S.K.: 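Have a look at this one before I ask anything.
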Amino acid sequence: MAFFPLLPLLIGGLAQGPLLPLAGLLRLRSRLLISSAFLNCVCSTLAAVSLYLLGCVTLQSRRSAFLSALLFCMSPVSIFMASTYSESLYVLATFAGLWQLQKHRTICSSAFLSLATAARSNGLVNAGFLLHSTVKEAIQRKNYSGKLLQTIFGIVLIILPFVLFQCFCFVRSCLESDENQQIPQELVQLAIEKGYRVHKTHIPAWCSLRFPLAYSHIQSEYWDVGLFRYFKLQQLPNFLLASPVMILSICTILEYTSSNLELCRTLGLWKVQSKYTNGFYGPHVFVYVAHLAALTGFGFLCMHVQVLTRLLFSSCPVLYWFCSHVIHKNEPWILGLKRGKTVSNPALQLLLAWTSLQQGTRIILAYFFGYWVIGTALHVNFLPWT
C-alpha cells in the first residue's frame with residue numbers, strides 16, 4: 001500500500017506475458033527480475049529523450065537540451081533508474097507529460113501525468129502545471145472556455161489513480177470479504193517473523209478516520225513522516241547526504257529569481273518586459289522553478305531527507321537545465337563542438353578536458369559522477385543510500 005501499482009503491474013505483465021514461454025527455463029522470480037531490468041532500462045532511456053524534447057520546446061535551445069539529457073544519463077540517482085524502483089517509470093511519464101503540455105496538448109499531457117501518479121504518489125503535484133498553464137492562458141488570452149473544460153478533465157485524470165488505489169486499499173483492508181480467501185503461507189510466515197499485521201486479522205485503526213487513506217497512515221505510523229519529525233541528531237548523516245542537492249536546488253532558485261524579479265512577482269502569469277526570451281532564464285522556466293521550490297521545501301521539512309536526492313532528480317527537469325546552463329557559461333568552447341572523426345559528445349569532452357575546466361563545472365561533474373559511482377557500489381551491496 002505504500003508503493004503504487006503501475007510498476008508491479010507492468011513487471012508482472014511482462015513476466016507472465018512475453019516471457020511466459022521461458023517458464024520451462026526460468027522461475028517466476030527470475031522472469032520478474034529480467035522484466036524489471038528491461039523495463040527500467042527502456043524507461044530511463046526514453047526519459048532522457050523526453051527531457052531532450054521538453055528542453056527543446058521550453059529552452060528553445062537544442063544544445064542546452066542535449067547537454068541536459070546527457071547529464072540525466074549520468075545523474076546522481078542513476079542506480080535507481082536501473083534497479084527495481086519506480087523512478088524511471090515515473091520520470092518518463094512526467095517528462096513526456098510536461099513536453100506534451102508545452103506543446104499545448106492538454107489531454108495527451110494529462111494521460112501521461114496520470115500514469116505518473118499511478119507510479120508514484122508525488123505525481124499529484126503535477127496537476128499544478130496544468131492549473132498554472134490554464135490560468136496563464138486565461139489571463140493573457142481572455143478566451144479559455146474550451147481550455148477550462150480540458151483542464152478540469154485533465155486534473156481529474158491526474159488525481160484518479162491515487163483515488164482509485166486508496167479505494168482499493170480501503171475495500172481490501174476495511175470491508176468484509178470472502179472468508180475462504182487464503183493468504184499464501186509464505187506471506188503469513190514473513191508477517192510473523194517481521195511483526196507485520198496479517199491481513200484480515202483485525203480492522204486497522206485508519207479505517208475509522210474521517211479520510212481513511214492507507215497511504216497517509218503508513219507514511220506517518222511506520223515511517224514517521226511528518227513536519228520536523230526527521231529533525232533529530234542521529235539523522236545528521238542523512239542531512240549531509242542530501243546537502244548537495246539542497247545546495248543545488250537553492251542555487252537554481254536564486255539564480256533564476258534574481259534575474260527575473262518582475263516575472264516572479266507576477267507568478268509567471270502576466271507578460272512582462274524581459275531581456276530573456278529563451279534559455280534557462282526564459283519565462284517558460286518559471287513554473288519549473290516554482291515546482292522545484294515546493295518539492296525542496298516539503299521534502300526538507302516533512303520527508304526522510306535522504307530521499308530528497310532521487311525525489312528532485314526524478315521530478316524536476318530544471319535541475320538539469322541549470323547544470324547545463326552553468327557548464328555552457330563556464331565552458332563556452334562546448335558550443336563549438338562539431339561532428340567529425342574526433343569525439344563530439346560534450347560530456348566525454350568535458351571529462352577529457354578536466355584539468356582546464358572551471359571550478360563550477362568540476363563541482364557539478366564531481367557530484368554527478370561521485371554519487372553515480374558511490375551510490376551504485378553501496379546500493380548493490382545492500383548498504384544505506386538515498
Side-chain angles (χ1 to χ4, degrees), residues 2-3 44 47 51 68 71-83 85-88 90-91 94 119-126 215 218-220 222-257 288-324 326 359-386:
F3 299 97
S44 58
L51 178 60
S68 300
L71 289 172
F72 172 84
C73 294
M74 55 186 188
S75 76
V77 295
S78 293
I79 181 58
F80 296 105
M81 299 294 176
S83 54
Y85 278 69
S86 57
E87 269 75 12
S88 60
Y90 173 80
V91 73
T94 299
R120 294 184 66 85
S121 61
N122 50 296
L124 290 170
V125 181
N126 292 329
Y215 181 77
I218 291 170
Q219 291 277 331
S220 176
Y222 297 102
W223 291 344
D224 201 29
V225 171
L227 184 63
F228 299 126
R229 288 191 184 181
Y230 216 60
F231 282 61
K232 302 173 183 177
L233 186 60
Q234 61 265 35
Q235 300 300 341
L236 182 59
N238 287 322
F239 277 91
L240 294 176
L241 190 62
S243 60
V245 76
M246 283 290 301
I247 294 171
L248 181 62
S249 299
I250 293 171
C251 290
T252 303
I253 296 166
L254 292 179
E255 181 70 18
Y256 185 85
T257 53
Y288 299 97
V289 175
H291 175 245
L292 171 65
L295 287 185
T296 302
F298 177 79
F300 179 73
L301 297 175
C302 301
M303 292 174 52
H304 289 189
V305 74
Q306 70 270 24
V307 181
L308 198 59
T309 303
R310 55 189 171 99
L311 170 70
L312 297 182
F313 276 106
S314 65
S315 305
C316 304
V318 72
L319 284 178
Y320 301 101
W321 296 339
F322 175 69
C323 292
S324 173
V326 172
Q359 185 177 7
T361 305
R362 288 188 186 181
I363 291 174
I364 290 174
L365 294 179
Y367 172 45
F368 274 58
F369 278 106
Y371 267 55
W372 182 19
V373 173
I374 297 172
T376 301
L378 292 176
H379 184 79
V380 300
N381 286 289
F382 302 98
L383 296 172
W385 190 238
T386 63

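No experiment lies behind these values; they were computed from the predicted model shown.
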S.K.: Search all heavy atoms of Y215 against all heavy atoms of S121 and return the closest pair with its distance.
M.R.: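 Nearest heavy atoms, Y215 then S121: OH-OG, 2.7 Å.
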S.K.: Using the side chain to side chain contact (heavy atoms under 4.5 Å, CB included) criterion, which residues pair with C251? Sequence neighbours excluded.
M.R.: I247, F322
S.K.: Sequence neighbours left out, what pairs pass side-chain hydrogen bond (donor to acceptor under 3.5 Å, both in side chains) with at least one residue falling in residues 289-308?
M.R.: Y230-Q306
S.K.: For F298, what residues pass the ring-ring contact (aromatic ring centres under 6.0 Å, His included) criterion, not counting sequence neighbours?
M.R.: none
S.K.: If you round to the nearest 0.5 Å, how far is CD1 of I250 from CZ of F300?
M.R.: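 If I round to the nearest 0.5 Å, the distance is 8.0 Å.
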S.K.: Is the F313 to Y320 ring centre distance short of 6.0 Å?
M.R.: yes
S.K.: I79 versus L378: any side-chain heavy-atom pair under 4.5 Å?
M.R.: no
S.K.: Can you list the residues that meet the ring-ring contact (aromatic ring centres under 6.0 Å, His included) rule with F3, with sequence neighbours excluded?
M.R.: W223
S.K.: Residues two or more places apart in sequence or in another chain: which of them pass ring-ring contact (aromatic ring centres under 6.0 Å, His included) with Y367?
M.R.: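 In terms of ring-ring contact (aromatic ring centres under 6.0 Å, His included), with neighbours along the sequence ignored, Y367 is linked to Y371.
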S.K.: I need the W385 CH2 to N238 CG distance, nearest 0.5 Å.
M.R.: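 The CG atom of N238 is 11.0 Å from CH2 of W385, to the nearest 0.5 Å.
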S.K.: In the structure I gave you, are the side-chain heavy atoms of F80 and H379 within less than 4.5 Å of one another anywhere?
M.R.: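 They are in contact (side-chain heavy atoms under 4.5 Å apart), so the answer is yes.
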S.K.: Can you name the closest pair of heavy atoms from S324 and S68 and give their distance?
M.R.: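 S324 and S68 have their closest heavy atoms at CB-OG, 3.3 Å.
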S.K.: The criterion is salt bridge (Lys or Arg N to Asp or Glu O under 4.0 Å); which residues satisfy it with R229, sequence neighbours excluded?
M.R.: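 For R229, the residues satisfying salt bridge (Lys or Arg N to Asp or Glu O under 4.0 Å) (neighbours in sequence not counted) are D224.
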S.K.: Can you list the residues that meet the side chain to side chain contact (heavy atoms under 4.5 Å, CB included) rule with L227, with sequence neighbours excluded?
M.R.: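 L227 satisfies side chain to side chain contact (heavy atoms under 4.5 Å, CB included) with L301, C302 once adjacent residues are dropped.
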S.K.: Once rounded to the nearest 0.5 Å, what's the spacing between atom OG1 of T309 and atom CE of M246?
M.R.: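 One finds 10.0 Å between OG1 of T309 and CE of M246.
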S.K.: Hey, are the side chains of C323 and L248 touching, using non-hydrogen atoms and a 4.5 Å cut-off?
M.R.: yes
S.K.: Please list all pairs meeting salt bridge (charged side-chain N to carboxylate O under 4.0 Å, His left out) that have one or both residues in residues 306-320, counting only residues at least two apart or in different chains.
M.R.: E87-R310
S.K.: Sorted by first residue and then second, give each side-chain hydrogen bond (donor to acceptor under 3.5 Å, both in side chains) pair with at least one member in residues 248-257; sequence neighbours left out.
M.R.: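 Every pair satisfying side-chain hydrogen bond (donor to acceptor under 3.5 Å, both in side chains) with a residue in residues 248-257: E255-Y281.
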S.K.: Heavy-atom distance under 4.5 Å between the side chains of S315 and Y90, does that happen here?
M.R.: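 Yes, close enough: below the 4.5 Å cut-off.
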S.K.: Looking only at heavy atoms, which two atoms of L308 and G299 are closest? And how far apart?
M.R.: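 Heavy atoms of L308 and G299 come nearest at CD1-CA, 3.7 Å.
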S.K.: Which atom pair, heavy atoms only, marks the closest approach of V91 to S88?
M.R.: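 V91 and S88 have their closest heavy atoms at CG1-O, 3.3 Å.
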S.K.: Restricting to ring-ring contact (aromatic ring centres under 6.0 Å, His included), what partner residues turn up for F228, sequence neighbours left out?
M.R.: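 Expected list: F231.
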S.K.: Using the side chain to side chain contact (heavy atoms under 4.5 Å, CB included) criterion, which residues pair with F382? Sequence neighbours excluded.
M.R.: none
S.K.: Hey, what do you get for CG (L383) to CD1 (I374), rounding to the nearest 0.5 Å?
M.R.: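 Spacing of CG (L383) from CD1 (I374) equals 12.5 Å.
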S.K.: Can you tell me how far apart OG1 (T94) and CG (N126) are? Round to the nearest 0.5 Å.
M.R.: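 Rounded to the nearest 0.5 Å, the OG1-CG separation comes out at 4.5 Å.
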S.K.: For residues 362-386, pull every pair meeting salt bridge (charged side-chain N to carboxylate O under 4.0 Å, His left out), keeping only residues two or more places apart or in separate chains.
M.R.: none
S.K.: At what distance, to the nearest 0.5 angstrom, does OG of S75 lie from CG of L51?
M.R.: 10.5 Å
S.K.: Answer whether the closest heavy-atom distance between the side chains of M81 and C73 falls below 4.5 Å.
M.R.: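 No - every pair of side-chain heavy atoms lies 4.5 Å or more apart.
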